[in-house]
Amino acid sequence: MFSTLLIANRGEIACRVAATARKLGIRTVAVYSDADAQAKHVAACDMAIHIGGSEPRDSYLRAEAILQAAKDTGAQAIHPGYGFLSENEAFAQAAEKAGIAFVGPPASAIAAMGSKSAAKSLMEKAGVPLVPGYHGDNQDPQFLKSQADRIGYPVLIKASAGGGGKGMRVVESSDAFIEALASCQREAKSSFGDDRVLIERYLQKPRHIEIQVFADQHGHCVYLFERDCSVQRRHQKVIEEAPAPGMTPERRKAMGEAAVAAAQAVGYVGAGTVEFIAEPDGRFYFMEMNTRLQVEHPVTEMITGLDLVEWQLRVAAGEPLPLRQEDLRIAGHAIEVRLYAENPDTGFLPSIGTLSYLEFPPHTAFANDAVRVDGGVRMGDAITPFYDPMVAKLIVHGADRDQARRLMLQALAETRVVGVQTNVAFLGRLMRDAAFAAADLDTGLIERRRATLLPPPAEIGGDVLALACAAVLAGLGLPASRATAVAANAAPADPWLANDGWRLGNSTYMLPIEWLIDAAPRRIPLVRHGTDWQIDCGAGLQDYAWQTQAAASASGLAVRVTLAGRELCGTVVTQGEHVHVFMDGNTYVLERHDAMAHAGDDEQGHAGGLAAPMPGKIVAISVKAGDAVKKGQALLVMEAMKMEHTIAAPADGTVREIYYAVGDQVTEGAELAAIDAAEK
């Protein structure tokens with residue numbers, strides 16, 4: 001076994017590899033960029049080496065800097081994680097040439113499967129069924145368009161060297177093909193350094209099922225069953241589960257053996273995933289092979305009880321596979337969700353900011369409990385525009401699928417994030433969705449169920465206001481009753497010193513709390529009669545009492561309210577004038593309204609411009625000053641977190657000015673262009 005391991009990655013996978021290596025007594029070395037100097041994975045390792053700037057191309061994609069770090073620290077092996085250089089043939093070759101073990105397949109296997117087009121040709125020769133499409137070398141746009149026309153629409157354009165949904169577009173008609181192709185090629189070039197694409201028929205209601213394979217250096221190869229990754233948005237996985245619902249033993253065996261044959265055909269070593277797309281009638285087609293560990297590997301660990309990272313390290317050290325195919329078993333059901341810093345209500349745009357509050361459910365780090373959290377950030381860390389916006393993965397394990405689903409709902413309800421927008425509530429709606437609960441799965445589920453999964457924002461009701469007001473009262477030091485105040489203040493002799501809202505003659509005391517709800521002020525009256533309180537949250541004055549205590553993370557309050565005899569519970573986090581209420585798996589953000597404090601604010605807004613929805617880089621501009629534009633017409637394209645976002649005209653008009661050029665970096669909220677509205 002190795003004595004020192006360099007982890008050529010960041011985030012949750014780097015933390016996970018470090019934890020497994022520690023369990024095996026292996027010293028670990030982290031690499032980090034300017035943006036990651038204080039990152040969690042740096043603290044998780046025994047040593048850390050700076051390798052460059054914040055942009056991936058200046059750090060995590062610098063193979064020479066990572067190899068030099070390995071040499072300087074005496075590392076015997078490099079674990080590439082996933083993403084970045086994990087499937088880079090040249091990097092694997094360079095490590096081998098330097099005498100450093102690459103914890104992954106040989107460079108020849110990466111080369112064989114690294115190009116989706118080449119891999120499909122290889123599988124075609126091996127007799128593995130393929131989706132109808134074009135996987136050749138001719139990349140002329142008009143030729144590719146003719147191939148798409150021949151295949152028939154809708155078609156799917158995919159980056160040949162891609163993964164993770166990047167460089168991928170569904171095209172519904174011939175006249176939309178060229179523009180979608182250009183966008184795919186730009187995104188592919190930015191993410192993978194290769195703008196080649198392939199084209200496939202876009203299947204209707206398909207399922208995405210993948211097989212985990214593992215091979216050693218002694219000719220042994222096994223499959224560790226399947227994962228269903230059908231629930232996706234923008235072609236990126238949102239929920240993964242194992243085993244796949246409805247999978248028969250016969251089909252599992254057929255897909256598993258096909259995956260093993262694919263791995264053996266390229267002399268594979270280590271962990272890999274063979275991905276298939278399956279139709280409702282049971283037919284399945286080879287899509288691609290990911291020559292690395294997958295983000296969703298924990299669900300396989302949960303149903304098998306195995307540590308796949310440990311298997312990776314042992315295989316890379318020359319040990320045989322710990323188990324044979326006949327020794328492997330499935331126990332129970334596991335579900336994983338990806339907790340992203342993004343806003344589902346705005347097309348899942350990434351959200352940038354500091355994690356000022358972060359709380360997860362009670363969990364472990366490995367597959368020996370019902371709830372597991374794999375995370376690469378801590379409270380106080382920043383989600384930056386440079387890397388993928390995943391905050392953490394929540395994984396649960398139950399006796400069956402329904403129990404796992406209910407456990408996930410509970411875990412999501414106990415997950416609280418402040419500082420960025422997240423998809424936590426959206427994931428909860430997915431878990432409750434009737435189609436998901438019935439395992440009616442396909443890659444279009446989110447779009448198909450859009451009305452229920454992406455409803456209008458929930459109104460802030462009386463229960464939420466009651467919890468928020470309790471946190472405000474606790475912050476003011478006001479107790480829920482006179483008896484509580486006496487105990488807290490040790491019965492001070494001078495009533496003027498009692499911090500309990502006492503009034504001369506024990507008269508009625510009114511304390512209004514004002515909020516801004518949807519930009520409109522709302523006044524919540526609180527009335528104290530003697531030692532008791534009442535509140536009016538929209539249903540008239542009701543009896544009201546509260547209790548608070550510090551939440552798991554110190555800046556939050558666990559609040560319990562009694563409102564007209566009903567018990568309400570939640571967590572409340574106050575950040576300046578904003579109060580975040582976490583209740584029943586939902587997050588509500590309220591703003592305290594202080595008219596005096598904001599009396600001098602400038603109430604005049606700014607109009608006529610188009611603002612950047614997030615920090616990013618301008619990668620394409622399709623109009624110039626003086627051009628007439630139609631509502632919905634593409635004006636420019638921004639790139640953020642390796643994904644492209646088109647900025648479109650909000651109405652018919654004439655472009656007055658474009659404020660940036662291609663290649664410029666812009667901040668969130670920056671005015672990008674000005675359009676003069678057309679006269680009506």
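Note that the structure is a prediction, hence the values are computed from the model and not measured.
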(message) Run Glu639 and Arg186 through salt bridge (charged side-chain N to carboxylate O under 4.0 Å, His left out) and show every step you take.
(response) CA-CA 10 Å; Glu639 180 188 76; Arg186 284 193 303 267; over 6 Å; no
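- Rounding to the nearest 0.5 angstrom, the gap separating the CG atom in Leu407 from the CD1 atom in Ile395 is 13.0 Å.
- Residue Phe2 holds its CZ atom at 14.0 Å from OG1 of Thr28, rounded to the nearest 0.5 Å.
- Side-chain atoms of Thr291 and Glu87 form a donor-acceptor pair, as typed in the model, at a separation below 3.5 Å.
- Counting only distance, with no hydrogens or angles, the side chain of His218 and the backbone of Gly318 share a donor-acceptor pair below 3.5 Å.
- Here the side chain of Asn9 pairs a donor or acceptor atom with the backbone of Pro80 at under 3.5 angstrom.
- The backbone N or O of Ile335 lies less than 3.5 Å from no partner atom in the side chain of Glu241, so there is not a single donor-acceptor pair.
- Between Glu226 atom CD and Met255 atom CE the span is 7.5 Å, to the nearest 0.5 Å.
- Between Tyr340 and Phe348 the shortest side-chain heavy-atom distance does not fall below 4.5 Å.
- Note: Tyr387 and Tyr60 have perpendicular aromatic rings, judged against thresholds of 30 and 60 degrees for the angle between ring planes.
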(request) List the steps, then state whether salt bridge (charged side-chain N to carboxylate O under 4.0 Å, His left out) holds for Arg10 with Asp388. (result) CA-CA 10 Å; Arg10 67 177 302 279; Asp388 187 270; over 6 Å; no
(message) Pair Arg233, Glu342 - check salt bridge (charged side-chain N to carboxylate O under 4.0 Å, His left out), show working.
(response) CA-CA 12 Å; Arg233 55 98 174 95; Glu342 64 182 13; 2.7 Å; yes
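- A distance-only check finds no donor-acceptor pair linking the side chain of His297 to the backbone of Val299 [under 3.5 Å].
- No side-chain N or O of Gln312 forms a donor-acceptor pair with one of Arg314 less than 3.5 Å apart.
- Atoms CD1 and CZ, from Ile157 and Arg169 in turn, are 8.5 Å apart once rounded to the nearest 0.5 Å.
- Looking only at distances, a side-chain donor or acceptor of Asn88 sits under 3.5 Å from a matching main-chain atom of Ala90.
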(request) Test Ile239 against Met408 for side chain to side chain contact (heavy atoms under 4.5 Å, CB included), laying out the working first. (result) CA-CA 11 Å; Ile239 296 175; Met408 182 58 77; over 6 Å; no
(message) Let's go through Lys120 and Glu200 carefully: what are the C-alpha distance in whole Å and the side-chain angles of both, what is the deciding distance for side chain to side chain contact (heavy atoms under 4.5 Å, CB included) to 0.1 Å, and is it a yes or a no?
(response) CA-CA 11 Å; Lys120 286 179 184 292; Glu200 293 179 342; 2.5 Å; yes
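- Side-chain atoms of Ser160 never come within 3.5 Å of backbone atoms of Arg196 as a donor-acceptor pair (strictly under, hydrogens ignored).
- Going from atom CZ of Phe192 over to atom CG of Leu61 covers 10.5 Å, rounded to the nearest 0.5 Å.
- Judged by distance alone, the side chain of Glu288 and the main-chain N or O of Glu275 form no donor-acceptor pair under 3.5 Å.
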(message) Go through it in stages, so that I can follow the logic: the residues are Arg227 and Glu210, the test is salt bridge (charged side-chain N to carboxylate O under 4.0 Å, His left out), and I'd like the CA-CA distance, side-chain angles, deciding distance and then a yes or no.
(response) CA-CA 5 Å; Arg227 300 185 285 256; Glu210 59 190 33; 2.8 Å; yes
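- The backbone N or O of Ser33 lies less than 3.5 Å from no partner atom in the side chain of Asp36, so there is not a single donor-acceptor pair.
- Using a 4.0 Å cut-off between charged nitrogen and carboxylate oxygen, Glu301 and Arg372 count as a salt-bridge pair.
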Got a list of side-chain donor-acceptor pairs under 3.5 Å for residues 256-270, not counting sequence neighbours?
| from | atom 1 | to | atom 2 | distance (Å) |
| --- | --- | --- | --- | --- |
| Glu257 | OE2 | Lys253 | NZ | 2.7 |
| Tyr268 | OH | Ala271 | O | 2.7 |

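- Here Leu394 contributes atom CG and His363 contributes atom NE2; the two are 9.0 Å apart, rounded to the nearest 0.5 Å.
- Judged by distance alone, the side chain of Lys40 and the main-chain N or O of Gly375 form a donor-acceptor pair under 3.5 Å.
- Side chain of Asn423 to backbone of Arg338: a donor-acceptor contact under 3.5 angstrom is found.
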